Engineer: 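First the structure, which I've put down as structure tokens, then a few questions once you've had a look.
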Amino acid sequence: MLVPEQFYIPPVGSSDELVQSLPAMSMWDKGVLDHEKETVFRDSWLCMPKQLIRQFNPDVRSIYARPAPGHPYIDVLKGRGNATKIRTLGESVMLFRGSEPKGNPELRCFKNMCPHARYPMLEVAHDSDGELYIKCEQHGLVCNEYGKFVSHRAFPNATPEQRRRLSMPDYKVREWFDFFFIARTDSPPYSFEDTMRPVWESLARLPLDEFKYRSIGAEQRIVEGNWKLQALNYEDWLHIRDIHKRPSGLADAMDLESARMELYDDVTLMWAYAADPADGFDPKFLPDRFKDPSDPDGRRVYALWWFVYPNLTLNFYPWGLSVNIYMPAMVDTERMKFDPEKTEFLWYHYVWDEAKYRDIDSRWLNEQVDFEDVEAIKYIAENLRSHAHPRSRGLFGNLMTGPNTETGPWWLNRKIYNSMFEPHAEVMIPRVRKLYSAAAI
Ligand code: FES
Ligand SMILES: [Fe+2]
């Protein structure tokens, strides 16, 4: 039984003098991970790369799409009435292309478990046979394309309550860029559009349709440390000066003094100007708010580092997009067991500028920064492996602005605490919300 007080994180900006991080045991305890799977990962929008569905990758265990004999899954999803199955964090979900609205049929998502007696509604990818219904193969429950009860042999005169209970649990799905986003709950606390609005605002002038998927060697890795350690490392910019130190590090590839953190309800943005303007975005591709008023043409943004709660990063560079997803690592695919002390790290590249992409390691330090982060997290993970002092907690400084602020990790700790114990509580106090939200939004 988890005790909320032992996890409590105050809203970002509240005046507590001692702001503590989540307890150490949250990085190794199986009960915590089980609770996170039913809260943090259920009540938020989880990213599913379409690439995993286009091309079966047997190494990836936390998101699993089994190929159907004869056709790639992605094609199945294009046709009206077609369906496919994805298992994420051990749970099977069905993606189903309906028939409406006309001309742009909607993708729907259901829990792939029959509400009658738990048979899978779908075993492999399925082409419509002309009728848009969903049928269970065990005792013949039929639901319509919205997952609503139509008929069942054992319920010839189904009552309203039976009809409701025999309808398929309705999950939520959205498509954006090369991803599906799934919320495995009928009422995600934030709409997908509200979640992503700040991200989309920053991308309004970028030609995303020119960003093309590029296969890289290390799309899936098992790395050391709880998934939260990866996400916290991303939110922590204090370490850049030391872990990615100069010379020839991230600390001097960007103008560290100019780095800014923006906090929103479900996403955060860190950005900074490039030390060498040649390594930055042409200002015409970013909203005007990213211009430096004192030097609007000379200063150029090195990167937009977006974090989408709980475990996705969208890293936009002048060469394209790098995507990371931090999934709890599944270590036993038969029994669906997870290791809280390891992370399945998924990594995808989308290339926009070929010439710049050739300099991805020399100018944007792609592999170097990744290596330094994975190493740093490994040392923390090793320190935690003794499982000593399970209730001990770290501290955050409570500077709200400036290069030494720790609002990013504080925000993430608060988000996780909220998801686990107080889903409707505020993330930050109103004054901080105003301070950190960009004026444009
Ligand atoms: S399990 Fe599906 S109809 Fe009985
Ligand atoms: Fe880092």
Side-chain angles (χ1 to χ4, degrees), residues 83 85 92-94 96 110-123 126 133-144 147-156 158 162-169 221 223-225 227-246 248-256 259-261 268-272 302-307 311-317 322-324 326 343 345 347 360-361 364-381 403-406 408-409 412:
K85 172 178 104 164
S92 181
V93 299
M94 179 201 291
F96 180 87
F110 303 103
K111 181 181 174 73
N112 189 30
M113 185 190 281
C114 179
H116 175 236
R118 305 197 178 114
Y119 196 79
M121 298 297 276
L122 186 72
E123 252 311 279
H126 169 81
Y133 59 79
I134 302 167
K135 186 173 179 188
C136 176
E137 303 283 329
Q138 181 159 245
H139 315 109
L141 169 70
V142 176
C143 293
N144 67 16
K148 297 287 177 265
F149 174 86
V150 173
S151 64
H152 190 297
R153 292 199 301 277
F155 300 84
Q162 287 168 331
R163 297 174 77 89
R164 190 182 68 76
R165 296 275 300 272
L166 289 171
S167 293
M168 295 169 70
R221 285 177 293 169
V223 295
E224 293 300 319
W227 71 273
K228 295 190 291 299
L229 286 183
Q230 323 295 326
L232 285 166
N233 172 276
Y234 188 86
E235 285 292 311
D236 168 36
W237 69 359
L238 272 189
H239 79 268
I240 294 175
R241 193 180 299 276
D242 304 292
I243 298 292
H244 308 301
K245 57 183 173 291
R246 61 185 71 206
S248 307
L250 184 61
D252 56 350
M254 63 196 238
D255 171 5
L256 207 46
R260 284 176 220 173
M261 175 71 80
T268 64
L269 170 66
M270 193 177 87
W271 63 277
Y302 183 72
L304 300 178
W305 288 291
W306 280 106
F307 177 82
N311 65 340
L312 167 68
T313 75
L314 301 169
N315 308 286
F316 291 90
Y317 297 93
S322 171
V323 178
N324 290 161
Y326 313 124
T343 299
F345 188 116
W347 192 1
I360 184 172
D361 286 316
W364 289 281
L365 307 171
N366 177 59
E367 286 193 4
Q368 177 178 309
V369 170
D370 171 71
F371 174 80
E372 289 168 349
D373 280 330
V374 169
E375 278 288 294
I377 295 165
K378 187 174 82 182
Y379 293 137
I380 299 172
N404 295 320
T405 177
E406 291 195 278
L412 181 56

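Order of appearance sets the numbers: ligands from 1, and atoms from 1 within every ligand. Everything quoted here is computed from the prediction, not taken from an experiment.
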Engineer: Looking only at non-hydrogen atoms, find the nearest pair between R118 and M113 and report the distance.
Structural biologist: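 Where R118 meets M113 most closely, the heavy atoms are CA-CG, 3.5 Å.
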Engineer: If you measure from each heavy atom of H152 to ligand 1, is any distance below 4.0 Å?
Structural biologist: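 Under 4.0 Å: yes for H152.
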Engineer: Between H244 and H239, is any pair of side-chain heavy atoms under 4.5 Å apart?
Structural biologist: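 A side-chain contact under 4.5 Å exists here.
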Engineer: Parallel, tilted or perpendicular: which one describes the rings of H139 and H152, with boundaries at 30° and 60°?
Structural biologist: tilted
Engineer: Strictly by modelled atom types, are Y379 and E375 linked by a side-chain donor-acceptor pair under 3.5 Å?
Structural biologist: yes
Engineer: Please check if the number of heavy atoms outside R221 that lie under 6.0 Å from its CZ is greater than 12.
Structural biologist: yes
Engineer: Would you name the N/O/S atom of H139 that lies closest to atom 4 (Fe) of ligand 1?
Structural biologist: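 Relative to atom 4 (Fe) of ligand 1, the closest nitrogen, oxygen or sulfur of H139 carries the name ND1.
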Engineer: At less than 2.8 Å, would any N/O/S atom of D373, backbone or side chain, sit next to the Fe ion (ligand 2)?
Structural biologist: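 Checking D373: at least one N, O or S atom is under 2.8 Å.
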Engineer: If I take the Fe ion (ligand 2) as the centre, what angle separates the NE2 atom of H244 from the NE2 atom of H239? Nearest 10 degrees is fine.
Structural biologist: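 The two atoms subtend 100° at the Fe ion (ligand 2).
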Engineer: Quick check on contacts: which atoms of ligand 1 are under 4.0 angstrom from a heavy atom of A117?
Structural biologist: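 In order of number, 1 (S).
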Engineer: Which of the atoms of ligand 1 are close to L141, meaning less than 4.0 Å from one of its heavy atoms?
Structural biologist: 3 (S)
Engineer: Do the non-hydrogen side-chain atoms of M121 and C136 ever get within less than 4.5 Å of each other?
Structural biologist: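 Yes, close enough: below the 4.5 Å cut-off.
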Engineer: May I have the angle between C136 SG and C114 SG with its vertex at atom 2 (Fe) of ligand 1, rounded to 10°?
Structural biologist: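 With atom 2 (Fe) of ligand 1 as the vertex, SG (C136) and SG (C114) sit 110° apart.
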Engineer: Can you confirm whether the side chains of W305 and T313 place a donor and an acceptor under 3.5 Å from each other?
Structural biologist: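 On atom types as modelled, these side chains do not qualify, holding no pair under 3.5 Å.
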Engineer: If you count the atoms of ligand 1 from 1 in the order shown, which ones are under 4.0 Å from a heavy atom of Y119?
Structural biologist: 1 (S)
Engineer: Assess H116: does it contribute an N, O or S atom lying under 2.8 Å from atom 2 (Fe) of ligand 1?
Structural biologist: no
